[in-house]
Amino acid sequence: MTLRSLLSPAHRRYAHRWLLLIPFIWQVGGTPLVNTAAVRVFSLPLPMLWQMCGILVASATIGFVFARDERIEADDEPDSFSEPSDEAKPS
């Protein structure tokens, strides 16, 4: 039995939120790797460039998750223009 089969369809729709771990892993997991490097890129120390790239990665990830959530929630809302309500129907 897989993890995907254990999740209900409602939970699977929001599985993309796991992507929000990427910025955390970027900072916590990757920083020790670049802290020991003595490389300079564009005359910046590598750890500083790593942090600046982390800001871009975090912003892109959060933007993607936000857009995906908006699309999912827009699909859940009933289409109010598809069928006139009882009050709007001619008698």
Side-chain angles (χ1 to χ4, degrees):
M1 185 174 277
T2 64
L3 178 63
R4 189 166 192 102
S5 65
L6 293 174
L7 294 175
S8 68
H11 287 109
R12 273 188 256 150
R13 293 177 60 181
Y14 291 102
H16 63 278
R17 290 185 180 174
W18 283 100
L19 292 173
L20 293 173
L21 287 175
I22 291 173
F24 179 76
I25 293 170
W26 181 280
Q27 296 298 323
V28 173
T31 302
L33 299 174
V34 298
N35 267 347
T36 58
V39 178
R40 289 188 164 275
V41 180
F42 303 117
S43 72
L44 292 172
L46 186 60
M48 183 180 286
L49 183 67
W50 181 263
Q51 294 293 324
M52 291 170 56
C53 290
I55 292 170
L56 298 175
V57 168
S59 298
T61 304
I62 292 168
F64 173 78
V65 170
F66 177 77
R68 182 93 169 127
D69 280 345
E70 288 290 314
R71 192 174 336 141
I72 287 171
E73 291 175 9
D75 291 342
D76 288 345
E77 292 179 8
D79 191 9
S80 59
F81 298 108
S82 63
E83 197 174 303
S85 64
D86 291 336
E87 298 168 358
K89 288 182 183 177
S91 20

Below 4.5 Å, heavy atoms only, C-beta onward: do Ile62 and Val65 meet side chain to side chain? no

Set of side-chain hydrogen bond (donor to acceptor under 3.5 Å, both in side chains) partners for Asp69, sequence neighbours left out: His16, Arg17

To the nearest 0.5 Å, atom CZ of Phe66 lies from atom OG1 of Thr61 at 15.0 Å

Spacing of CZ belonging to Arg68 relative to CD belonging to Glu73, to within rounding of 0.5 Å: 12.0 Å

Drop me the distance from Phe42's CZ to Met52's CE, to the nearest 0.5 angstrom. 10.0 Å

Treating Ile, Leu, Val, Met, Phe, Trp and Tyr as nodes and any side-chain heavy-atom pair under 4.5 angstrom as an edge, say whether Val41 and Val57 lie in one connected cluster. yes

In terms of heavy-atom contacts, Pro47 and Val34 come closest through CG-O, 3.5 Å

Of all pairs that satisfy side-chain hydrogen bond (donor to acceptor under 3.5 Å, both in side chains), the ones with a partner from residues 45-58, not counting sequence neighbours: Gln27-Gln51

Provide the closest heavy-atom pair for Cys53 versus Trp26 in the form atom of the first, atom of the second, distance. CB-CZ2, 3.8 Å

